[in-house]
Structures are given as C-alpha cells and as structure tokens.
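Every chain is numbered from 1 and lettered A, B, ... according to where its sequence line falls, protein lines coming before strand lines.
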Amino acid sequence: MSGPSSGCGLFMSVVVHGDSALNEQEKELNQRLRRLYPAVNEQETPLPRSWSPKDKFSYIGLSQNNLRVHYKGHGKTPKDAASVRATHPIPAACGVYYFEVKIISKGRDGYMGIGLSAQGVNMNRLPGWDKHSYGYHGDDGHSFCSSGTGQPYGPTFTTGDVIGCCVNLINNTCFYTKNGHSLGIAFTDLPPNLYPTVGLQTPGEVVDANFGQHPFVFDIEDYMSEWRTKIQAQIDHFPVGEREGEWQAMLQKMVASYLVHHSYCATAEAFAKSTDQAVQEELASIKNRQNIQKLVLSGRMGEAIETTQQLYPSLLESNPDLLFMLKVRQFIEMVNGTDSEVRCLGGRSPKSQDSYPDSPCPFSSPTHKSSCTQVSLTGFESNCCNGVSSSKAPASAHSGKTCPSSLAGGDLGSMNGTHSQQQPSTSEVDMEVDHFTNGTTESSSNGFLNGSSTHGVEPEDCDTDMEVEPAQFKRQLCGGSQVAIEKMIHFGRELQSLSEHLRRERGKNATNRKMLRDAFSLLAYSDPWSSPVGYQLDSIQREPVCSTLNSAILETYNLPKQPPLAQAVGQAAQCLSLMARTGIGSCAFASVDDYLH
Amino acid sequence: MACLLEAPLRISVLSEVTATSRHYVDRLFDPDPQKVLQGVIDMKNAVIGNNKQKANLIVLGAVPRLLYLLQQGSSSEELRTECAVVLGSLAMGTENNIKSLVDCHLIPALLQALVFPDLIFIEACLRCLRTVLISPVTPVQLLYTDPTVVPHLMSLMNQSLRTQEYTTQIIFHCCKTPEHQTVLFNHGAIQNIAPLLISTSYKVRIQALKCFSVLAYENTQVSLTLVNVIVNGELLSSIFVRMMQRDKPIEMQLTAAKCLTYMCRAGAIRTDDCCIVLKTLPCLVRMCSKEHLLEQRVEGAETLAFLLEPDVELQRIASITDQLVAMLADYFKYPSSLDHDLKHAHELRQAAFKLYASLGSNDEDIRKKITETENMMDRIVSGLSESSIKVRLAAVRCLHSLSRSVQQLRTSFHDHAVWKPLMKLLQNAPDEVLVMASSTLCNLLLEFSPSKEPILESGVIDLLCSLTHSESPALRVNGIWALMNMAFQGDQKVKMEILQSLGTEQLFCLLSDTDPNVLMKTLGLLRNLLSTRPHIDQIMSTHGKQIMQAVTLILEGDHSMEIKEQTICILANIADGSTAKDLIMTNDDMLQKMKYYMGHSNVKLQLAATYCISNLIWNEEDGSQARQDKLREMGFVDVLHKLTQALDPNLCDRAKTAMQQYLA
C-alpha cells in the first residue's frame, strides 16, 4: 500500500475501524453469553447470535450482521406477513433464555409480532398464528398462542420501544418485557427447541435484535438469580431418606474409600478410626500404592516401574499396554531430566519438574472434566487428543533434519540419525513416516506451521549453542548430561522395539502409536519445553499415568478402579449433560462445581 | 415488691401450686450465695419450655427476688447473669407472664441493671427486655417514659451481634408514632443502625432494615437524612436496592422496598428515579403474586398502593407490570369459611381494593381495565356492605377512584346500581367512611350520571343537608358539593327542595364558613340555584335581601380571588333576572363595587364584573334604557370604553358587546 490515493486510505481506515468495533462487539457478545449461560455446551447446542438469512420469508430483508430486520413486501393483507427465525434454537441448558427486540420503526401499521417458533413453521405468517408458534403483537398488545385469535395480554408497542422475550426452560413458560418492565407470563407448556422469531407485515417496519450484543434493558440476571436460588434450594432440601444414620454412614464410606483409593494412609486410618469403619484394604498395601504413586508423581518412572514389578510381579506382565505407557512416560521423564536413570547423571535437575506435590489432586487436575465411569482414563485420552496438532512437528523433524552427516555427533542430531538408520530395516517405520507426512498436510492449516518452519532452521544453531554455552539454558535435555542423553537415546530405541514387538503380538494400537510419536517428537525441538508438544513435560501429565497405574493395581485386588466419590461426581456431571440433551432446563443452575468447593 | 398479690387471691392460687415450685423460690432466699446461684441455675433448667412452671414461679413471687438479686451490687457476675436468663425464660411464656413481669417493674429494673459491663449479662438482659417489649401486651410507651432509656439502648447496641439484634428488634417494635420517630432520630438511631445493614449476620441485617422502614414511614426528616447516608462507601439507597434482588429472602426484599417507598413518598427520592421505577415497583408487584405468604401479599399490595398514589406514571407502569390487575383478582378468591380465614380474607380484600383505588385514581384506561376485571363491580358492591369496616372503607375508596371516570359513571356504575349500597353506607358509618362515600356520591350526582335520578328519588337531599352540619370540614364540603352538583341544571322542584331542606339560615351559615372550600362550594350551589330567569326571580323575590347581604359581606371580606370571582358571577346571574336586576340597580354601593372590579388587576374579576354590567344594560328588556342612563351617569361607559382596549381578548370582546348595547 505504498501509493494509494488518500481517499482509499481513508476508506481502508474506516473499514479497519469497523472491523475492530465489530470484533469488540463479538467479544462482548461472547462474554455476555458465557456469563448468562455457563452450562450451555456450544459445541453441541450453539446459542442464537443473529437472524438466519436462510430461514426467512422472502419479504424479510436482513442487514447489520443479520441483526436488523426490515419488511420489503407489499403489506396489503395478512397474507403478506413474513417472519424470520434465529440461526439456532434455544438450548435447554440456558435454564432461562432472553433476547430483546428494539422497534426502529413501526412502519405503516405496526403489525409486528415478537416471539418463538419451532423449526419448519410457515414463515409467511406472524409468530403465534400457527401450531408451535408464539407471539406478542404490537398493534393490539395481544398474545397469540398457536392461534389466529389473540388474547388480551399487554400494552401495544411502537417505534422506540424495546420488547424483551424470556423463555423459562425450567417450567416451560414465557414472559415479555416492555422497556424493562416485566409484563407477566404469556405462554405456558412450551415445547422444546424453539427459535427466537420476529414477524412483520407492513412496509417500513424495521426492528433490531439484541441476542446479547448489548446490555439488556430488562434486568434478566436478577430474574435468573431467583431461579438459581430456587433450584439450589430444591437440591438442598432434597429428601435423603428417612434413616439419617444410613445417609451419614454412606457419606463416611465414600470419604474413606476416596482416601484409601488415593493412598492417603494416615488420613484414611484416622478417618476410619473416628467414624468406626473397617478399611477394605490392608494398610501395607495402601502404603505400597502410595509409594509407587509418589514415585510416578515425582517423575521417577524407572523406580516406579521397578517397584511395581517387585510388589505386583504379574501386573505389568499381563498388562503390556500399561507397561508401554509407563515406559513412554519414563522416556519423557528422561528428556525432562527427572527420571531416576538420568537424574543422578545430570549436573542438576530442573526444579520446576522435580518438585511435585505429594498429593494427587484429581478434582483440580484435567482428569476432572471427564465423564462418569472412566474419570481419569478419559481425561488422559482427551489430553492425548489435544496433541493432535503436534503430529506435524515430528514430520518437520524428519523432513527438515534427515541429515546423515550429523550421524557422528553424540548430540540431538544423532537421534535423528539413529532413527533414519532404522528406517530401512522395518516397514512399519516407513508407514509411520508416511503417516507423519499425512499429518503435515492435514494440520498444515493450524497455527503451528510458523512455529515449525522456524524450528526447522533453528536446530543447527541450537546444537552449537548447546555446546558452547550449555549453562545458559535453564532447562536442558536430560538435565544437560551427555551420558544421560545417550542413555535416553538407548532407551528410546528399546522403546521403539517394544512398540514393534507389541504390534506384532497384539496388533496395531492407535493410542500406543500416538503416545510414542508424541514422546519422540520432543526431540525435534531445541527447547522441548516451549514446543507444541512440550505439554507432555508438564508434571500435571503424570497424574493420568499415576491414576491409571493405581487403578490397575486396585483391579488386581478386585477393588474398584474408581473411588465411588469420583464416580458419583462423574455421574452427576454426566447426568447434567443428559438433562441438557433431553431439555430439562434446571441443569443450568446445578453445576457440580458449585458443590465441590 | 409491688407485684405481690392480694392475700386472699394469693392463697387460693397457692393451693394449686406444687411444693416443688415453692422449693425453687425458697432457695433464692438462702443465706449462702453459692446455694442461691445453684438454686437459680436449677430454676433455669426447670422453667425452660414449661409454661405451667413459669406461671407457678411468678405467682410464688420469684420475679421480685430475681430482680433484687440481679440489681444487687454484691451479687456475683454469674448470679446476675443467671437471674437475667431465668427472667428471659419466664418472659417467653404466656402473655399473662409478660403482664406480671411488667407489673413487677421489670423494665426499669433491667435498664438500671444494664450498667454492669459484663457482655453475657448485658445480652441476657437485652434478650429479656426484647421479649417483653415486643409483646403486644406491653405498652410501647414504656420505652419513652424515662428519657434516659433510648440513649442508653443506643449506647448498648454495638457490643456484639446479639446486642445489635435485640436492640434493633426493640426499636422496630417500639416505633409507632411520629413522636417515637423523632425521639429515636434525635438519639442517633440512623447513624447507629446504618452500619448494621452490612452486618455478617442476617438477623442483624433484617432487623436493621425493619428499623428503617418504621423510622422513614411518612417522615420527611428521617427520609431526607437517609438518602444521604453512606455505609462503607455505598449510598443507603443502593444497599436497599441490593436487598431487593430476587435471590434475597422475600422478607428482606419486601422490607427494603418499603424503605424506598417511604423515602420516595416523603420526597427524598424522585418518583422517576431508576431505583423506584425499575426496582422498587416491580419488587412490590412480585410480592402480590400468589406464590407468597398472605401477609406478604397484603403488605406488598398496601405498600404498592402507597407508592403509586401520587404519580400517574407509576400507576401506568404498575398497571402493565406482571398482569397486576388480573393478579389482584386472586385476592378475592381466598376461602373464608373459618373465622381465622375470614380475617385473612378481609385483609386480602381490603389490600386489593386499596391498590385498585391507587391504580385507578388518574388514568382512564386503567379504570377501564379494572372495571373489566372479572366480577369487579360485584366485588366492590359486596365489599361496601362487608362486615369488616376496613374492607368497607377500602371498597368505597376504590369506588371513589373509579367514579372519576365519566365513562364508568355512565356504564358500569349504573348497571350495577352502586348507588344503592353507597346510600346505605351513608346512613350510619364512621366519618372516615362517610368522607369517601359522600365524595363518591358527589361524582354520582354529576349532571351526566344516569344514577342521579334514582338517587334523587331516594331522598338524598336531607342526608346531604345533614352532612353540611358536620363537625368535619371534609364532610361539610362533600355535602354542599353534592348539593351543588344536584342543583346544576336541575329543575325548579329540586332547587326549591334543596333550599327548603337546607334552610336559608344554614345556607348563610355556610357562606361564613371558616373553611374556604366550604364557602367556595356554597357559592357554587348558590350560583347553580340562580340560573334561568324564572328561577332567579323566584328565589330572589323570597331571599333577595339576605343573598345581597351575604354577597356584600363576602366582597368586603378578606377572601381569595377565586371566591370573589364566584361571588361576582352570582351577581351576574342575579343581573340576568327580570325583577332581580333591581336588587343591584337600586344598590349604588354594589354598583360602585362593580366599577371597582372592572378596573381590578385580576382579569377574571374584571371579566365577571363586566358580565354583570352587561346583563344590566342588555337591550330588549324592560327598563333597559333607564338602567343604561343611570350607569352612564355613574361613569360606566368610560370604564367600558377603556376595557375595549384591554389586552385580554375575552375581556375586550365582552366590553365591546356591552358598548354595543349603548349604540343600538
């Protein structure tokens, strides 16, 4: 843009300004919607944000980001009525939903209807006239409940008025507001999945919608707070059975089992004593599990695996996938410089990785978000899935660094060398490489492309840097020890062959393959910690591993692999999303989180 | 020992008292203080939840002894506290218990004892005081007879959450009159209580809020002060608004709405302020909903009626909020089969009538909406003859409000013959009801009201005339007002009947009434009586002398312009008569007065006087020439000529028309 006319420049600046204002509005909208409807999962049920340019009658014109509606028909008879629906139906998980419509102009006769309709209802009509359609009309102030004749309801409305429509998805009612004043219930027994709808009938009629783009005139949050209080009171006062002692005993059992599950020995013992309960598991066994968990959580995977093999000899033998997972984690910890195999070799172990709190804390960790039966496991899987975008990173490592000349070096490059050396020997590796390449094309659109291209150049600089000024790096590969790096690479090869062995024995396993690939990808970066796959090095990633191992141990003792408490929490969360799907609005005001604090 | 019972009674009661109760009392007199303490503690355990035991101990004279021990400086702290606890427990019993405690001068005794610094003791004393003072059997005045009591309470308020709760509870229950408000205000109630609104304890917050509701009620001084109070950087009004949020307990929402309503009515908050229009009003409407307790619905409706009364815009908003008009119809659907329920039913009905009255007091559309509510007119009609006077009064207020509508007078009022129960109500009712009923009757007697005829036939004139003899100025006004309306364009028979029934003596008595409203309406009546020529001549032929005298008196007296204008209009009417004219023409003094008023600075008076002169010189009437000549001699032509140059177009026209009489 070196020499455009000043007019063009002005135009550009206006556009830029408009865009930023638009973005600002978008941001405000998203913020408001999230605040008003925190229980809505927009992946499943998106919220209405504008009128639908597809779901309208031809006499309707849309403008201003599909928020302004104007009439462009003849407007001679009621047959010229025209409506438009919002882009999405109102999700039940809103609990209480609200939108406002401002009358910009009443046009010729002000025959405007504001309301709700189900998908498929005739758009050549005003809202309220047909089955599954509901409206409040400006010319007479009547409400129309799926009928051509209205009922006296509220005042008339005209140019300048702001009409609000509130749907209560808990009791399936609807009320309107005029200029911030509630007009009282207009409809009851509403069906689910209604769309915000407006209808116009005479020329000149123009209305603007506010789905949350701007603050509402009516204090809807106050109304919502009343329903939140009501629902919470309902939960608080829910009868828990006649024999209260039983209820208490059950709660104590749940707490005790939770403590035992996570191996809080002393606490569990003390709690069991004070509540007069028997602990199902032997104290020694709990302590063993506690030890193993401590090792995993502090990143000392080698020791953890060893201890497990000692204490539960058949466990890992009969569960090779688990062993594989542990070993992959061990590899990661080696990279991290925290594993027992390498930590003694390194000059110093990075503090940030080493000091891990002793207590596992499943309710604040990522595992928490998971669903009912497999709280921690699904959590783990979802974390892996998060890494999808990183599949491109190893590809760049291959494409950018297949460089035989670096074979001699005992540094990072040698790993690639070894890797490529192995390539001809097995067909499976070829397949993997193919897959990596696919991964590149697949994910080239996501934002890591820039990152990887710079990384593609960087390693060489990095290699020299590392040798010249190793002390400058806070976090160094394998704690900065050359011996450790060799050990790590050796271990990586073993892991690779274990993977191949497993595949031959038990067939392909996508999870395992991906796990390994992500772990190896760490080596593609000069600073793995700040790389797209660096999340693996975060100590929080030890939790799912720890939890899976713990569950596996418990299962061998025929103890539940899930503590009942976590199961109950998971069930409650699952129940809420099921309520949302089946249209029970009270799920909006019963967040499980509210009860965990 | 003032409460010791008379000997014979005491013996008879004692015979029923068990020996154990006596044993407890006896132990209070033990010389060993340790044993006394143990005795009091045992007594405490014995009376908890046992009303019979409480009554027994009171009869046996435990109270004076406990009070004695409590006040005694030599008593240990522990003993004093236990005594206060036992007294508090006794007060929790029946109303008779409380009466006995009050008779034993418990209140001053406790207040005097409150000088000891021990907090637990103070709390126990205040708890006992609270229980006694909030009882309906205790005279509220007891708090105010000793002027040191209120400041003392204020100083004790902020010792702990409990002292805050008890003192605010006492203040809330003992603030019943404007005098009480002033005393409490002057002793810093507002400054002391305001910080409690943000207390951590709900009990304290709600009691503090309740205090403000009773302090601000119809009290401008308190309200104007409240509006400027800041607690923790926040204005009191915004704290009240927060307390009205919909997730707050209903009691808190309602009480906060009351506070803001009272502040608004006292003029401290404008009626178009957001906190009234968007918060207080909708909150009160919500309180009227069926889902709330009866008491809350009643208080909500009454408070809302009070808020809306003076402001038509608020009435309009309320009338569209949450289907209020229809919601109020539910107030009449409460079953009233049981005695207890009947009281509730009455409360609900009167509250609904009050709110309807407020809603409909200005806006025609709202009145229409109200009368169109299911069975509304029938409900008012039956409300007028309800056994409860509160309901009757509220029903007639509602009817009065609706009677301001020309359309309703013509239609629903006539269809439902509301005049019948109204007339019945007027026969014998307390003044309060009479004022409303007669005021409504005034409207029903308006010229266009179809009810006018049947009312006339029911012999209402005597009733109205008797009202003009009432002590109450409001009733005198309404009586004469109704007569005035009746005489407007009435036939000769009715006019004579009014004159006859009222009597000239009473008429002239009313013309010298101290209340300017009465005088004004009486002049109005006279003016209506003196209309159409034959009526004028007839009335003036019989009462001319007195009327002229009364008129002269008023013109010479110290009265408002409106009254003088009305008086000159009467003269103008007289001047329109055939024979009656002479009463003015022969009265040179009166003619001079007319000349004076034609040159007055007030246009309305000029206009009326010109009218009068114009009637006198009107052509085509017998003797007009002579009258014209006489008035010309008196210089009226010059005056008229000058008035033809007047700035006021009406006056100018009138003067020109008069001048034309000379030219013709």
Side-chain angles (χ1 to χ4, degrees), chain A residues 95-96 98 100 136 138 140-143 145 150-158 161-164 166 168 170-171 173-188 215-237 588-589 594, chain B residues 202 238 241-254 256-257 272-292 304 308 313-330 359 363 365-366 368-374:
Chain A
V96 168
Y98 185 70
E100 280 179 354
Y136 164 37
D140 56 6
H142 287 184
S143 64
C145 180
Q151 296 291 316
Y153 168 66
T156 58
F157 56 86
T158 185
D161 285 328
V162 176
I163 303 301
C166 177
N168 183 326
I170 298 159
N171 60 14
T173 59
C174 161
F175 69 87
Y176 288 90
T177 66
K178 180 182 170 183
N179 301 326
H181 302 289
S182 161
L183 304 180
I185 301 280
F187 309 115
T188 57
F216 291 120
V217 178
F218 177 70
D219 191 349
I220 187 64
E221 283 169 75
D222 197 24
Y223 179 75
M224 290 173 102
S225 74
E226 182 183 335
W227 278 90
R228 184 172 297 117
T229 315
K230 273 186 194 170
I231 297 296
Q232 282 170 1
Q234 224 176 331
I235 294 171
D236 293 346
H237 299 138
F589 302 125
D594 291 348
Chain B
Y202 175 77
S238 40
V241 167
R242 204 147 30 78
M243 288 174 152
M244 287 191 298
Q245 280 170 2
R246 298 172 80 149
D247 53 350
K248 298 287 185 296
I250 297 300
E251 183 189 29
M252 179 170 266
Q253 291 185 40
L254 178 56
D272 59 358
D273 192 296
C274 270
C275 77
I276 298 296
V277 180
L278 289 175
K279 296 291 168 193
T280 310
L281 186 152
C283 173
L284 288 171
V285 174
R286 283 203 303 278
M287 296 301 131
C288 300
S289 143
K290 236 195 302 205
E291 64 188 271
H292 296 125
L304 186 56
L308 303 180
E313 200 42 51
L314 290 182
Q315 290 158 13
R316 289 197 185 116
I317 293 168
S319 76
I320 62 158
T321 301
D322 285 341
Q323 312 284 310
L324 176 64
V325 175
M327 188 155 48
L328 282 178
D330 289 337
L359 276 168
D363 188 291
D365 289 341
I366 301 176
K368 186 161 176 279
K369 207 164 160 182
I370 293 172
T371 42
E372 280 168 4
T373 309
E374 47 168 325

**Prompt:** Tyr223(A) versus chain B, heavy atoms under 4.5 Å apart: side chain, backbone, both or neither?
**Reply:** both
**Complete:** The salt bridge (charged side-chain N to carboxylate O under 4.0 Å, His left out) partners of Asp272(B) (sequence neighbours excluded) come to Arg270(B)
**Request:** Using ring pair (Phe, Tyr, Trp, His ring centres under 6.0 Å) as the criterion, list what pairs up with Phe157(A), not counting sequence neighbours.
**Result:** Tyr136(A)
**Request:** Flag yes if more than 12 heavy atoms outside Lys230(A) fall under 6.0 Å of its NZ atom; otherwise flag no.
**Result:** yes
**Spacing of CD belonging to Glu226(A) relative to CD1 belonging to Ile250(B), to within rounding of 0.5 Å** = 7.0 Å
**Item:** Evaluation steps, side chain to side chain contact (heavy atoms under 4.5 Å, CB included), between Lys248(B) and Thr229(A)
**Value:** CA-CA 9 Å; Lys248(B) 298 287 185 296; Thr229(A) 315; over 6 Å; no
**Prompt:** What part of Tyr153(A) is in contact with chain B, defined as an atom under 4.5 angstrom from a non-hydrogen atom: side chain, backbone, both or neither?
**Reply:** both
**Item:** Close contacts, residues 318-330 of chain B versus chain A, judged by heavy atoms under 4.5 Å
**Value:** Ile320(B), Thr321(B), Asp322(B), Gln323(B)
**Message:** Could you measure the distance from the CZ atom of Arg246(B) to the CZ atom of Arg228(A)? Nearest 0.5 Å is fine.
**Reply:** 13.0 Å
**residues 278-289 of chain B: residues contacting chain A (heavy atom under 4.5 Å, by number)** = Leu278(B), Lys279(B), Arg286(B)
